[in-house]
K.L.:
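Structure in C-alpha cells, see below.
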Amino acid sequence: MPIHPNFPYPLYLVISEKECVHLPWLQVAEEAIRGGVDIIQLREKELDTATFIQRAMALKALTDRYSIPLVINDNVEVASAVDAWGIHVGRTDRQPQQIHEEFGHRFQIGWSLELLDQLQDHNMDFVQHLGVSPIFPTPTKTNTITAWGMQGIRDLRTQTDKPLIAIGGMHLAHAHEAFTAGANSIAVVSAICSSLDPRKAAEELKNSLS
C-alpha cells in the first residue's frame with residue numbers, strides 16, 4: 001500500500017509501561033525509534049492524570065529529539081498539557097467533534113473504527129485517521145465488537161479515503177499482508193514492547209512494509 005500523504009507513518013508503536021516486560025519503557029521507545037518506528041502513541045489506562053502527564057512529558061522530550069509525532073490515548077487534558085501532535089479516542093470515549101469544538105485544529109484526531117456504521121457518523125468530519133480495531137482479537141482489548149481480519153481492511157479501503165491504521169494482534173507474520181490489504185500504517189504493541197530487542201523488532205517490522 002502506498003504511504004498516505006496525510007499520514008506518512010507506516011510503523012506505529014502503541015506503548016505503555018506495563019507492556020514493556022524486559023526493558024524500561026522509555027528505553028523501549030528510543031530503541032524502537034532507532035529501529036524505524038515512525039510515530040508513537042502513549043496509552044496508559046490506569047494512571048491518574050498528573051502521573052500520565054509526567055510520563056507523557058518524558059516521552060515527548062524523546063519524540064521531539066527524534067522528530068517523531070506523539071499521540072496520546074484518550075486523555076485530551078494530557079495531550080494538551082504536553083502539546084502532543086495527536087489524540088486517539090475510541091468509539092465510547094470523548095467524541096472527535098467535541099475535541100474539535102474545544103481545540104480546533106490543534107490535534108490530529110484518530111478514531112477507533114469498531115463498527116462499519118461509524119463511517120456514516122457525523123464525527124467522521126472531524127477525524128484525520130482511523131484505527132481499524134482490532135484486526136485480530138488481542139488480550140489488550142477486552143471489549144472487542146468486530147475482529148476485522150484482512151478482508152475487513154480490504155472492504156474498508158473501498159469505502160473511505162482516510163488513512164487506515166491496522167491494530168490488534170499485529171506481528172511480523174502478518175504486518176505485510178495488512179499493509180498490502182490496504183492499511184496505511186501498522187500499529188503494534190507486544191511485537192515491540194515485549195521483545196528482548198525492540199530495535200531489531202522494529203527494524204524487521206519496518207523492512208516487512210517496504
Side-chain angles (χ1 to χ4, degrees), residues 1-15 32-33 35-41 43 68-71 73-74 85-93 95-97 100 107-141 143-193 201-210:
M1 184 71 194
I3 302 300
H4 198 292
N6 295 332
F7 198 86
Y9 312 110
L11 186 54
Y12 189 131
L13 173 62
V14 180
I15 194 168
I33 292 170
V37 158
D38 301 292
I39 186 169
I40 295 181
Q41 179 186 145
R43 180 169 67 190
I68 296 290
L70 174 63
V71 178
N73 190 76
D74 290 352
W85 176 88
I87 180 82
H88 188 90
V89 291
R91 187 177 56 87
T92 59
D93 298 322
Q95 296 300 283
Q97 182 177 1
H100 179 80
F107 302 119
Q108 296 291 303
I109 301 174
W111 201 28
S112 293
L113 190 68
E114 300 176 340
L115 295 167
L116 190 60
D117 289 351
Q118 285 177 249
L119 292 178
Q120 311 306 321
D121 192 292
H122 69 278
N123 279 289
M124 277 293 163
D125 293 337
F126 307 96
V127 171
Q128 281 73 57
H129 49 274
L130 297 167
V132 183
S133 172
I135 304 304
F136 303 114
T138 170
T140 62
K141 187 171 181 61
N143 58 343
T144 296
I145 297 175
T146 304
W148 293 97
M150 296 300 166
Q151 189 57 49
I153 299 174
R154 296 185 188 96
D155 293 343
L156 289 169
R157 184 73 286 164
T158 67
Q159 298 184 57
T160 180
D161 293 329
K162 291 186 184 293
L164 299 178
I165 304 161
I167 184 169
M170 287 286 97
H171 291 274
L172 183 61
H174 39 241
H176 179 75
E177 184 182 1
F179 205 59
T180 57
N184 305 105
S185 180
I186 306 302
V188 299
V189 185
S190 62
I192 289 177
C193 292
E203 286 175 349
E204 290 175 344
L205 283 159
K206 189 67 170 286
N207 288 339
S208 76
L209 303 179
S210 60

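Quick note: numbers below take in every heavy atom, side chains included, and nothing from hydrogens, waters or symmetry partners.
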K.L.:
Just so I know, are the side chains of Q118 and L130 near enough to count as touching, which here means a heavy-atom distance under 4.5 Å?
P.N.:
no

K.L.:
For a quick test of reading the model, state the closest non-hydrogen atom pair linking W148 to V132 and the distance between them.
P.N.:
CD1-CG1, 3.4 Å

K.L.:
Flag the pair I33 / L13 as yes when at least one side-chain heavy-atom distance between them is below 4.5 Å, and no otherwise.
P.N.:
no

K.L.:
Can you confirm whether I3 sits close enough to P10 that some side-chain heavy atom of one is under 4.5 Å from a side-chain heavy atom of the other?
P.N.:
yes

K.L.:
Looking at every heavy atom in both I153 and A183, which two are closest together, and how far apart are they?
P.N.:
CG2-N, 3.5 Å

K.L.:
Do V37 and Y12 have side chains that approach each other closer than 4.5 Å (heavy atoms only, starting at C-beta)?
P.N.:
no

K.L.:
Considering the options R43, Q41, Q108, which one meets the side chain to side chain contact (heavy atoms under 4.5 Å, CB included) requirement together with H88?
P.N.:
Q41

K.L.:
First locate atom CZ of R91, then atom CG of L113, and finally report the distance between them rounded to the nearest 0.5 Å.
P.N.:
10.0 Å

K.L.:
Side chain of S208, backbone of L172: donor and acceptor closer than 3.5 Å?
P.N.:
no

K.L.:
Using a 4.5 Å cut-off on heavy atoms from C-beta on, say whether the side chain of F136 contacts that of M150.
P.N.:
yes

K.L.:
Just distance, no hydrogens or angles: give the donor-acceptor pairs under 3.5 Å from side chains in residues 162-171, sequence neighbours left out.
P.N.:
from: K162; atom 1: NZ; to: M124; atom 2: O; distance (Å): 3.2
from: K162; atom 1: NZ; to: V127; atom 2: O; distance (Å): 2.8

K.L.:
Can you tell me if CG on D125 sees more than 12 non-hydrogen neighbours from other groups inside 6.0 Å?
P.N.:
yes

K.L.:
Under a 4.5 Å cut-off applied to non-hydrogen side-chain atoms, are F7 and Q128 in contact?
P.N.:
no

K.L.:
With rounding to the nearest 0.5 Å, note down the distance linking NZ in K206 to CD1 in I186.
P.N.:
12.0 Å

K.L.:
Minimum heavy-atom separation for D93 to V89, with atom names?
P.N.:
OD2-C, 3.7 Å

K.L.:
Can you measure from CG (L11) to CD1 (I39) and round to the nearest 0.5 angstrom?
P.N.:
10.5 Å

K.L.:
Tell me, please, which residues at least two apart from F126 pass ring-ring contact (aromatic ring centres under 6.0 Å, His included).
P.N.:
H100

K.L.:
Which heavy atom of A187 sits nearest to which heavy atom of V14, and what is that distance?
P.N.:
CB-CG2, 4.4 Å

K.L.:
Taking side chain as C-beta onward, heavy atoms only, is R157 less than 4.5 Å from N184?
P.N.:
yes

K.L.:
Looking at every non-hydrogen atom in both residues, tell me the closest pair between W111 and G90 and how far apart they are.
P.N.:
NE1-O, 3.4 Å

K.L.:
If you measure only the distance, is there a donor-acceptor pair under 3.5 Å linking the side chains of Q151 and D155?
P.N.:
yes

K.L.:
Taking the side chain as every heavy atom from C-beta outward, state whether L156 and L119 have any atom pair closer than 4.5 Å.
P.N.:
yes

K.L.:
How many angstroms lie between NE2 in H174 and OG1 in T180, if you round to the nearest 0.5 Å?
P.N.:
12.5 Å

K.L.:
Where do S185 and F179 come nearest, in terms of heavy atoms and distance?
P.N.:
N-CE1, 4.2 Å

